[in-house]
> 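Have a look at this one before I ask anything.
Per chain, numbering begins at 1; letters A, B, ... match sequence-line order. Worth saying up front: this structure is predicted, and the values here are computed from it rather than measured.
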Amino acid sequence: MKSVIQAVKGTRDFYPEEMAVRNWLYGKIREVSQLFGYQEYEGPILERIDLYAAKSGEELVKEQAFVFPDRGGDLITLRPELTPTLARMVAQRQNTLVYPLRWWSFGPFWRYERPQKGRTREFFQWNIDLIGVDSPEADAELIAVCAMFFEKIGLNSQQVGILVNNRRLMESQLEQIGIGERLRQQVFRLIDRRDKMSPVDWDAYAQEIGLHVEQLQKLKEMLSDPELWQMSSELVRVFEILEEMGLRQYVQFEPQIVRGLDYYTGTVFEARDRARDGRAILGGGRYDNLVADVGGNPLPGVGFAMGDVMIGIVLEKYGLLPNLAKTPAQVLVTVFDETRIKLSFALAAELRRAGISTIVYPEAVKLPRQLKFADRIGVRYVLIVGPDEEAAGVVTVKNLTTGEQENIGRLEIVNWLNRHLPD
RNA sequence: GUGGCUGUAGCUCAAUGGCAGAGCGCUUGACUGUGGAUCAAGAUGUUGUGGGUUCGACCCCCAUCAGCCACCCCA
């Protein structure tokens with residue numbers, strides 16, 4: 001035990017139980033993505049570091065990416081996010097793709113950070129994007145995808161909410177109080193930290209950036225105005241569409257949401273536990289310059305990303321993780337003794353040809369051990385072929401759930417199982 | 001990158017500086033063709049790792065690794 005080599009920090013082993021949950025999540029993601037007509041795609045896991053230099057945000061690449069030189073000396077990055085890859089893939093075939101593009105993906109990502117609650121170094125992320133349209137209806141569609149996903153997975157609008165804002169709205173409001181492009185990024189950071197700092201520290205931080213007392217006062221008024229969204233024709237339209245789609249209850253305006261990544265240009269949103277537990281479940285928004293930033297012609301887009309770790313924590317908290325069958329096997333064929341091993345293997349092969357998932361015990365150990373094994377892996381039916389059965393031309397079928405058993409004619413067994421197995 | 005807490009049996013956790021334990025799980029049996037329940041017996045440890053203090057260290061000190069949590073940042 002002591003000599004087992006340690007797993008890499010911040011990675012998780014997916015034992016069959018965890019793998020089943022991950023695949024279940026993947027399935028729900030696929031279901032909702034396809035329900036909206038999105039196509040699945042995937043990019044490489046390795047990218048040149050230059051791809052991220054463009055726009056991802058300084059820190060994400062410099063300090064939070066796994067970077068290494070390949071044998072030719074080029075710096076290669078384990079992808080920390082997918083959006084730049086998406087932008088590259090679109091730019092490469094910009095003139096042949098049919099717009100608007102609706103694409104989704106689910107795959108692994110890496111960030112070199114200290115692991116903690118809701119965050120690991122290796123994680124899986126759902127990315128979904130609508131590219132080639134800059135309408136608020138497109139923004140609303142992505143938010144709707146998000147809300148439908150919650151609905152499908154069993155999270156109701158009392159448990160989780162999608163907080164929405166618009167960077168253009170915030171920019172114009174900031175203009176009105178005399179904050180221009182020069183201070184914009186810093187003020188966005190300030191807004192982003194409103195809840196994370198004490199009011200006193202926050203005021204001090206604001207003044208440090210260079211806000212006058214009057215500007216700070218006006219900024220506070222902005223951030224506490226729940227009706228501010230009505231100043232944005234885009235947000236008005238977004239909420240209107242979501243209302244018509246019957247998903248309005250999941251969504252609310254939140255002026256403090258501006259998102260960390262630099263490439264967002266319009267509507268931004270993130271989903272959180274309503275109880276304010278933990279970090280954001282997902283985050284996204286509109287990015288209208290990204291394709292141009294990697295060398296393509298300007299093309300607008302909107303999308304979001306959801307990590308598997310935080311959604312897993314939320315689903316666990318609300319008891320929504322499914323009870324998944326332990327084994328895919330529907331039937332276990334026991335081996336009665338050495339001389340009857342061939343009988344059991346032949347029977348198992350016959351069941352498999354009929355499409356029945358079957359395990360055959362691989363050695364002639366005592367029957368109680370084989371039954372105990374069947375019970376522990378969670379298989380429903382056990383088949384026994386001993387001397388009595390062989391002589392009578394039957395098979396004993398035992399249902400481990402009910403404890404009942406009966407003899408079925410050897411030639412009837414496939415039909416019998418097909419009638420009694422679930423599905 | 002910064003700070004805090006924690007590392008003892010497969011798991012969850014006890015043990016005043018003085019013989020390393022319990023519950024669960026596991027193995028075997030009660031039950032030679034039947035799992036779960038019950039009862040009985042049994043096995044399991046380099047106390048994360050490396051140093052130091054001490055007559056003596058799971059316990060105190062230092063370092064290191066890992067896990068958890070917060071910061072930073074973000075999914």
Side-chain angles (χ1 to χ4, degrees), chain A residues 1-13 25 29 56-65 79-83 105-128 146 189 192-193 196-197 201 257-262 264 268-272 278-285 303-314 332 334-337 340 361 364-391 396-407:
Chain A
M1 227 32 224
K2 284 292 175 286
S3 58
V4 173
I5 292 171
Q6 281 170 347
V8 173
K9 184 190 185 87
T11 60
R12 291 164 294 165
D13 293 328
L25 185 67
I29 284 167
S56 288
E58 296 292 301
E59 183 153 354
L60 190 56
V61 182
K62 280 192 188 144
E63 299 183 21
Q64 297 179 1
R79 63 182 187 185
E81 60 163 336
L82 190 61
T83 309
S105 181
F106 181 79
F109 295 85
W110 293 266
R111 289 187 191 171
Y112 196 83
E113 294 187 286
R114 291 278 293 262
Q116 60 190 270
K117 192 178 177 94
R119 196 172 63 190
T120 56
R121 284 187 173 182
E122 178 180 65
F123 57 96
F124 288 78
Q125 198 179 65
W126 175 27
N127 281 265
I128 182 162
C146 171
R189 276 183 67 78
D192 196 39
R193 295 192 188 184
K196 295 173 183 168
M197 299 172 75
D201 288 349
I257 300 294
V258 289
R259 306 296 304 150
L261 293 172
D262 295 340
Y264 293 120
V268 288
F269 57 94
E270 66 183 42
R272 303 194 76 102
R279 57 193 73 242
I281 298 165
L282 59 82
F304 70 80
M306 180 187 80
D308 69 312
V309 182
M310 196 58 215
I311 188 71
I313 289 171
V314 173
L332 181 138
T334 57
V335 171
F336 193 83
D337 56 33
R340 273 168 265 259
Y361 207 90
V365 297
K366 288 188 293 187
L367 210 48
R369 273 191 68 176
Q370 299 186 43
L371 281 159
K372 184 166 186 174
F373 173 77
D375 185 48
R376 298 200 51 176
I377 65 172
V379 70
R380 167 91 54 105
Y381 288 100
V382 169
L383 268 45
I384 298 167
V385 201
D388 298 349
E389 287 84 354
E390 200 183 350
T396 295
V397 179
K398 175 157 187 167
N399 180 333
L400 291 188
T401 310
T402 61
E404 290 164 2
Q405 67 179 54
E406 57 182 301
N407 290 332

> Nearest to the side chain of Lys117(A), heavy atoms from C-beta on, is which of C69(B), U28(B), G33(B)?
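Comparing C69(B), U28(B), G33(B) against the side chain of Lys117(A), the answer is C69(B).
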> Nearest nucleotide by nearest heavy atom, which residue falls closer to the 5' end of RNA chain B, Phe373(A) or Arg193(A)?
Phe373(A)
> Base, sugar-phosphate, or nothing: which does Asp388(A) touch, judged by heavy atoms less than 4.0 Å apart?
base
> Indicate yes or no: does Arg259(A) engage Glu270(A) in a salt bridge with an N to O separation below 4.0 Å.
yes
> Return the nearest nucleotide to the side chain of Asp375(A); candidates are G33(B), G35(B), A75(B).
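That would be G35(B).
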> Phe336(A) near the nucleic acid: base, sugar-phosphate alone, or nothing, with a heavy-atom cut-off under 4.0 Å?
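Base: the residue Phe336(A), judged by heavy atoms under 4.0 Å, touches a nucleobase.
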> Do the side chains of Gln125(A) and Met306(A) get nearer than 4.5 Å, heavy atoms only?
no
> Has Arg121(A) got its NZ or CZ under 6.0 Å from the middle of the six-membered ring of Tyr112(A), at an angle within 45 degrees of the ring axis?
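Cation-pi check for Arg121(A) and Tyr112(A): passes.
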> Can you tell which of C72(B), G35(B), A75(B) lies closest to the side chain of Pro368(A)?
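Nearest nucleotide to the side chain: G35(B).
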> Between A75(B), C69(B), G33(B), spot the one nearest the side chain of Arg119(A), thanks.
A75(B)
> Is the phosphate of C68(B) approached by Gln116(A) (side-chain N or O, under 4.0 Å from OP1 or OP2)?
no
> Under a plain distance cut-off of 3.5 Å, with no hydrogens placed, do Asn407(A) and Thr396(A) share a side-chain donor-acceptor pair?
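A donor-acceptor contact under 3.5 Å links the two side chains.
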> Under the 3.5 Å rule, do the base of G25(B) and the side chain of Arg376(A) count as making a donor-acceptor pair?
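Such a pair does not exist between side chain and base.
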> By the 4.0 Å heavy-atom rule, please label Thr401(A) as base, sugar-phosphate, or nothing.
base
> Which listed nucleotide (U34(B), A75(B), C68(B)) is nearest to the side chain of Glu113(A)?
A75(B)
> Lys372(A) has an atom NZ; how far is it from atom C1' of G25(B), in whole Å?
10 Å
> Ala305(A) near the nucleic acid: base, sugar-phosphate alone, or nothing, with a heavy-atom cut-off under 4.0 Å?
sugar-phosphate
> Which base sits across from G50(B) as a Watson-Crick or G-U pair, both distances under 3.5 Å?
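Partner of G50(B): C62(B).
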> Is there, by distance only and without an angle test, a donor paired with an acceptor across the side chain of Arg279(A) and the base of A75(B) below 3.5 Å?
no
> From the list C74(B), U34(B), G3(B), which nucleotide is the closest neighbour of the side chain of Gln405(A)?
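Closest nucleotide among those given: U34(B).
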> Given G25(B), A75(B), A70(B), identify the nucleotide with an atom nearest to the side chain of Gln125(A).
A75(B)
> Tell me what Leu282(A) touches on the nucleic acid: a base, only sugar-phosphate, or nothing, going by heavy atoms under 4.0 Å.
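Contact class for Leu282(A): sugar-phosphate only.
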> State whether the distance check finds a donor on one side and an acceptor on the other, under 3.5 Å, for side chain Gln64(A) versus base G1(B).
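Absent.
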> Is Arg340(A) touching bases, backbone alone, or none of the nucleic acid, heavy atoms closer than 4.0 Å?
nothing
> Would you state whether a donor and an acceptor, one from the side chain of Lys398(A) and one from the base of G35(B), lie under 3.5 Å apart?
yes
> Work out how far the C1' atom of U16(B) is from that of A57(B), and round it to whole angstrom.
13 Å
> Touch check for Glu404(A), heavy atoms < 4.0 angstrom, all strands: base, sugar-phosphate only, or nothing?
nothing
> Measure from the side chain of Arg111(A), starting at C-beta and using heavy atoms only, and say which of U34(B), G33(B), A75(B) lies closest.
A75(B)
> Is a side-chain donor or acceptor of Asn127(A) paired with a backbone partner of Ala305(A) at a separation under 3.5 angstrom?
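Between the backbone of Ala305(A) and the side chain of Asn127(A) there is no qualifying donor-acceptor contact (under 3.5 Å).
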> Which is true for Thr402(A) with a 4.0 Å heavy-atom rule: it touches a base, it touches only sugar-phosphate, or it touches nothing?
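Counting heavy atoms under 4.0 Å across all strands, no contact is made by Thr402(A).
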> Tell me which of Gly307(A) and Gly403(A) sits closer to the 5' end of RNA chain B, going by the nucleotide each one is nearest to.
Gly403(A)
> State the pairing partner of C13(B); accept Watson-Crick or G-U wobble contacts with both distances under 3.5 Å, and report none otherwise.
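The answer is G21(B), by the H-bond criterion.
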> Indicate yes or no: does Asp308(A) engage Arg12(A) in a salt bridge with an N to O separation below 4.0 Å.
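Yes.
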> Base, sugar-phosphate, or nothing: which does Ile384(A) touch, judged by heavy atoms less than 4.0 Å apart?
base
> Name the closest nucleotide to the Ala280(A) side chain, picking from A75(B), A66(B), U28(B).
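The listed nucleotide nearest to Ala280(A)'s side chain is A75(B).
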> Which part of the nucleic acid, if any, lies within contact of Gly378(A), taking any heavy atom under 4.0 Å across all strands shown: a base, the sugar-phosphate backbone alone, or nothing?
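Nothing, no nucleic acid heavy atom in range.
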